[in-house]
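Please read the structure below before turning to the comments.
Heavy-atom basis, side chains included; hydrogens, waters and symmetry copies ignored. Bear in mind that the values here come from a model prediction, so they are computed numbers and not experimental data.
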Amino acid sequence: MPKETARGRFIVFEGIDGAGKTTQIELLEDYLRGKGRTVFRTAEPTDGVTGKMLREALAGKVLRTACELAALFTLDRVTHNQDPENGIERHLREGADVICDRYYYSTLAYQGSETDLSWVRGMNLGCPEIRRPDLCIFLDLSPEESMERIRRGRTNFEIYETRDRLERVREQFHRVLAQLPQENIRILNAARSVDEIQSDIRKLVD
């Protein structure tokens, strides 16, 4: 019988806007590929139909309630997991490490801070087609530092990119993560240098 391919690892990066997720994901991807791993890098919202609807709403082009956003994110996440061509499950099954920029923790923090958290939580954690990550890395940053980074070289901002909203979401992130002791979640100080943070990430992943 042919040897069965070992499943890949599912790693999620979280944090408020400006926390440096993109930079750290790129560095981790290079590191894993250098060790001979196959890596599939992805993000939420996705580039699919539901993801495009979410991007329009986040950009302020279409007004949607917190409940609408939470439901759309959950639907987008199910498709993200189960798509037969490019879904998370397929890549993990074929042995790739999947690195995802945002996952259900963001929905619990962002939309969960503006509507019924138990409802948002139930949709995501109770869905059998939404996989739990092997590791979630939360890059923790203050709202002040977040706004400073967001403003660098940008003129357009998303609906959550205000100091008050970021402060509320960061507090919600900490509450949500504390309520998930069964999950492998690690919180890292994102105000440090890129190299220091990446060093800690590599130790966690190894």
Side-chain angles (χ1 to χ4, degrees), residues 10-19 21 42-83 87-89 98 100-147 150 156-188 190:
F10 183 22
I11 304 165
V12 169
F13 278 76
E14 290 284 7
I16 62 174
D17 301 82
K21 298 189 308 308
T42 186
E44 293 189 355
T46 68
D47 292 328
V49 175
T50 316
K52 290 175 182 176
M53 293 169 65
L54 284 163
R55 292 180 192 281
E56 288 182 343
L58 294 173
K61 296 177 181 178
V62 178
L63 189 62
R64 295 192 182 276
T65 68
C67 286
E68 284 181 297
L69 288 172
L72 285 170
F73 267 114
T74 306
L75 175 58
D76 192 45
R77 189 162 298 123
V78 171
T79 305
H80 193 192
N81 272 269
Q82 302 301 327
D83 183 89
I88 291 169
E89 284 293 339
V98 176
C100 187
D101 184 345
R102 296 203 181 282
Y103 202 52
Y104 55 65
Y105 310 94
S106 280
T107 305
L108 297 177
Y110 281 84
Q111 287 73 54
S113 66
E114 297 184 343
T115 187
D116 189 314
L117 176 60
S118 62
W119 172 69
V120 179
R121 183 183 170 111
M123 277 197 302
N124 284 272
L125 302 187
C127 179
E129 294 190 350
I130 294 179
R131 167 170 284 276
R132 301 289 182 95
D134 296 302
L135 172 65
C136 171
I137 297 172
F138 177 69
L139 299 178
D140 193 22
L141 193 69
S142 71
E144 292 80 11
E145 178 69 17
S146 171
M147 288 303 299
I150 290 169
N156 297 319
F157 303 96
E158 292 189 347
I159 59 174
Y160 287 101
E161 294 176 341
T162 67
R163 190 194 178 285
D164 289 344
R165 271 186 150 179
L166 288 173
E167 184 171 10
R168 185 165 65 247
V169 168
R170 179 176 179 251
E171 291 173 356
Q172 181 79 344
F173 256 124
H174 280 281
R175 282 193 292 269
V176 165
L177 299 182
Q179 293 170 4
L180 297 170
Q182 73 278 16
E183 297 202 16
N184 186 16
I185 299 169
R186 297 293 181 267
I187 300 175
L188 300 181

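The closest side-chain heavy-atom distance from Asn184 to Arg132 is not below 4.5 Å. Side-chain atoms of His174 and Ile187, non-hydrogen and from C-beta on, do get closer than 4.5 Å to each other. Between Leu108 and Phe73 there is no side-chain heavy-atom pair separated by less than 4.5 Å. No side-chain heavy atom of Asp140 sits less than 4.5 Å from a side-chain heavy atom of Leu188. Counting heavy atoms from C-beta outward, Val169 and Asp17 have side chains that stay 4.5 Å or more apart. Between Ile16 and Arg165 the shortest side-chain heavy-atom distance does not fall below 4.5 Å. The side-chain heavy atoms of Arg102 and Val12, taken from C-beta on, include no pair separated by under 4.5 Å. Between Val62 and Arg64, some side-chain heavy-atom pair lies under the 4.5 Å cut-off.
Annotation for Leu141 and Gly18: closest pair CD2-O, 3.4 Å, computed over non-hydrogen atoms. The heavy-atom pair separating Val78 from Cys127 by the smallest distance is CG2-SG, 3.8 Å. Taking both residues in full, the closest heavy atoms of Val120 and Ala70 are given as CG2-CB, 4.0 Å, listed atom of the first, atom of the second, then distance. The heavy-atom pair separating Glu183 from Pro133 by the smallest distance is OE1-CD, 4.2 Å. Residues Ala109 and Val176 approach most closely at N-CG2, 4.5 Å, considering heavy atoms. Of all non-hydrogen atoms in Ala190 and Ala19, the two that sit nearest each other are CB-O, 3.6 Å.
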Quiz item: Taking it one step at a time, do His80 and Thr50 satisfy side-chain contact (heavy atoms from CB on, under 4.5 Å)?
Solution: CA-CA 10 Å; His80 193 192; Thr50 316; over 6 Å; no

Exercise. Assess whether side-chain contact (heavy atoms from CB on, under 4.5 Å) is satisfied between Arg55 and Asp47, documenting all intermediate values.
Key: CA-CA 9 Å; Arg55 292 180 192 281; Asp47 292 328; 3.7 Å; yes

Exercise. Show your reasoning for whether side-chain contact (heavy atoms from CB on, under 4.5 Å) applies to Gln111 and Thr74.
Key: CA-CA 11 Å; Gln111 287 73 54; Thr74 306; over 6 Å; no

Practice problem: Applying side-chain contact (heavy atoms from CB on, under 4.5 Å), run through Cys136 and Phe13 and close with a yes or a no. | Solution: CA-CA 6 Å; Cys136 171; Phe13 278 76; over 6 Å; no

Quiz item: Can you check salt bridge (charged side-chain N to carboxylate O under 4.0 Å, His left out) on Asp116 and Arg121, steps first, answer last?
Solution: CA-CA 9 Å; Asp116 189 314; Arg121 183 183 170 111; over 6 Å; no

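In this structure, CE in Met53 is found 8.5 Å from CD in Glu68, a value given to the nearest 0.5 Å. Separating the CE atom in Met123 from the CG atom in Leu75 is a distance of 10.0 Å, to the nearest 0.5 Å. Rounded to the nearest 0.5 angstrom, Ile185 CD1 and Leu180 CG are separated by 5.0 Å. For the atom pair CD of Glu144 and CG of Leu166, the computed distance is 9.5 Å after rounding to the nearest 0.5 Å.
Between the side chain of Asp134 and the main chain of Ile11, no donor-acceptor pair closer than 3.5 Å is present. A donor-acceptor pair is defined here as one N or O able to donate and one able to accept, closer than 3.5 Å; such a pair exists between the side chain of Asn81 and the backbone of Arg131. In this structure a side-chain-to-backbone donor-acceptor pair under 3.5 Å is missing from Arg77 to Ile130. Between the side chain of Asp76 and the main chain of Thr46, a donor-acceptor pair closer than 3.5 Å is present.
Under the rule for a ring-ring contact (aromatic ring centres under 6.0 Å, His included), Tyr104 has no partner lying at least two apart in sequence or in another chain. Applying the ring-ring contact (aromatic ring centres under 6.0 Å, His included) criterion to Tyr103, with sequence neighbours excluded, gives Phe10.
Contact check on Arg168 versus Glu114 returns a salt bridge, with a Lys/Arg side-chain nitrogen under 4.0 Å from an Asp/Glu carboxylate oxygen.
Donor-acceptor pairing under 3.5 Å is recorded for the side chains of Ser106 and Glu14. In this structure, a donor-acceptor pair under 3.5 Å is absent between the side chains of Gln172 and Tyr105. For the residue pair Ser113 / Arg175, no side-chain donor-acceptor distance below 3.5 Å is found, with atom types taken as modelled.
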